[in-house]
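The structure appears below as structure tokens.
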Amino acid sequence: MHHSRLCTVVIDCQTDDLKDAASFWSRALNKRIATVDQDGDGRYAELVTEQDEPIILLQRVDHESRVHLDIETDDLDAEVARLEGLGAIRVAYVRDRWWVMQAPSGHRFCVVRPQRKTFGPHLNRWE
């Protein structure tokens, strides 16, 4: 049996530079900025969150600004299949690392591998 949980709130920002967006969301959510350039390509900024909170990630995007969720799992194939059984559809497999999916409601979300070192028992985890 695989395990999954809500892991990240991703704030998609249609911008050329995430610094201003990171500054706003840092102040709005009362969270310090961990980094304004997580991978060195200017696409991701992260706010500091506690281990029992979802990660808050800002992502530079070309599409309209919006928010999406990431579900992390210890078995990507099993979780994607489970979600398909609930009516979600696969949209794209990105960088050979995660699935972009679409809920029956039209909302996009991602299914990703574990993002933090601690993926063990947690209140926000399901089977």
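Reckoned from all heavy atoms, side chains included, excluding hydrogens, waters and symmetry mates. Residue numbers count from 1 along this sequence.
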*Is a side-chain donor or acceptor of D74 paired with a backbone partner of H3 at a separation under 3.5 angstrom?*
yes
*asked:* For a quick test of reading the model, state the closest non-hydrogen atom pair linking F109 to A103 and the distance between them.
replied: CE2-N, 3.6 Å
*Heavy-atom pair of closest approach, residues A45 and L57*: O-CD1, 3.2 Å
*Hphob cluster co-occupancy, V112 + V80, side-chain heavy atoms under 4.5 angstrom*: no
*Taking side chain as C-beta onward, heavy atoms only, is T8 less than 4.5 Å from L69?*
no
*side chain to side chain contact (heavy atoms under 4.5 Å, CB included) between E84 and M101: does it pass, once the steps are laid out?*
CA-CA 9 Å; E84 285 178 314; M101 300 192 72; 3.9 Å; yes
*Evaluate the side chain to side chain contact (heavy atoms under 4.5 Å, CB included) criterion for residues I11 and W25: first the C-alpha distance (whole Å), next the side-chain angles of each, then the deciding distance (0.1 Å), finally the verdict.*
CA-CA 9 Å; I11 303 170; W25 286 108; 3.7 Å; yes
*When hydrophobic residues are tied together by side-chain contacts of less than 4.5 Å, even through go-betweens, does L58 share a cluster with F24?*
yes
*Answer yes if V10 and L29 sit in the same cluster of Ile, Leu, Val, Met, Phe, Trp and Tyr residues linked by side chain heavy atoms under 4.5 Å apart, and no otherwise.*
no
*Which atom names give the shortest non-hydrogen contact between V111 and T73, and what distance separates them?*
CG1-CG2, 3.8 Å
_Straight-line distance of I71 CD1 to L83 CG, nearest 0.5 Å_ = 5.0 Å
*Minimum side-chain heavy-atom gap T49-R116 below 4.5 Å*: yes
*asked:* Which residues pass the side-chain hydrogen bond (donor to acceptor under 3.5 Å, both in side chains) test with R60, not counting sequence neighbours?
replied: none
_Check for me, please, whether Y44 and V100 land in the same ILVMFWY cluster - side-chain distances under 4.5 Å, paths through other members count._
yes
_So for atom CG, which belongs to D20, do other residues, nucleotides or ligands contribute more than 12 heavy atoms lying within a distance under 6.0 Å?_
no
*How would you list all residue pairs meeting ring pair (Phe, Tyr, Trp, His ring centres under 6.0 Å) that involve residues 57-105, not counting sequence neighbours?*
Y93-W99
*Calculate, to the nearest 0.5 Å, the distance between atoms CG and OG belonging to L47 and S26 respectively.*
6.0 Å
Only pairs under 3.5 Å count here: list side-chain donor-acceptor contacts from residues 30-42, not counting sequence neighbours, and write none if there are none.
unit_1: K31; atom_1: NZ; unit_2: E53; atom_2: OE1; d: 3.1
unit_1: K31; atom_1: NZ; unit_2: E53; atom_2: OE2; d: 2.8
unit_1: T35; atom_1: OG1; unit_2: D37; atom_2: N; d: 3.0
unit_1: D37; atom_1: OD1; unit_2: G40; atom_2: N; d: 3.1
unit_1: D37; atom_1: OD1; unit_2: D41; atom_2: N; d: 3.1
unit_1: D37; atom_1: OD1; unit_2: G42; atom_2: N; d: 2.6
unit_1: Q38; atom_1: NE2; unit_2: E46; atom_2: OE1; d: 2.6
unit_1: D41; atom_1: OD1; unit_2: R43; atom_2: N; d: 3.0

_Are I89 and L86 linked, directly or through intermediate hydrophobic residues, by side-chain heavy-atom contacts shorter than 4.5 Å (ILVMFWY only)?_
no
_Please find the pair of heavy atoms, one from Q14 and one from S65, that lie closest to each other, and give the distance._
N-OG, 2.9 Å
_Can you confirm whether K19 sits close enough to S23 that some side-chain heavy atom of one is under 4.5 Å from a side-chain heavy atom of the other?_
no
*asked:* So does R113 get a backbone contact from the side chain of Q115, meaning a donor-acceptor N/O pair under 3.5 Å?
replied: yes
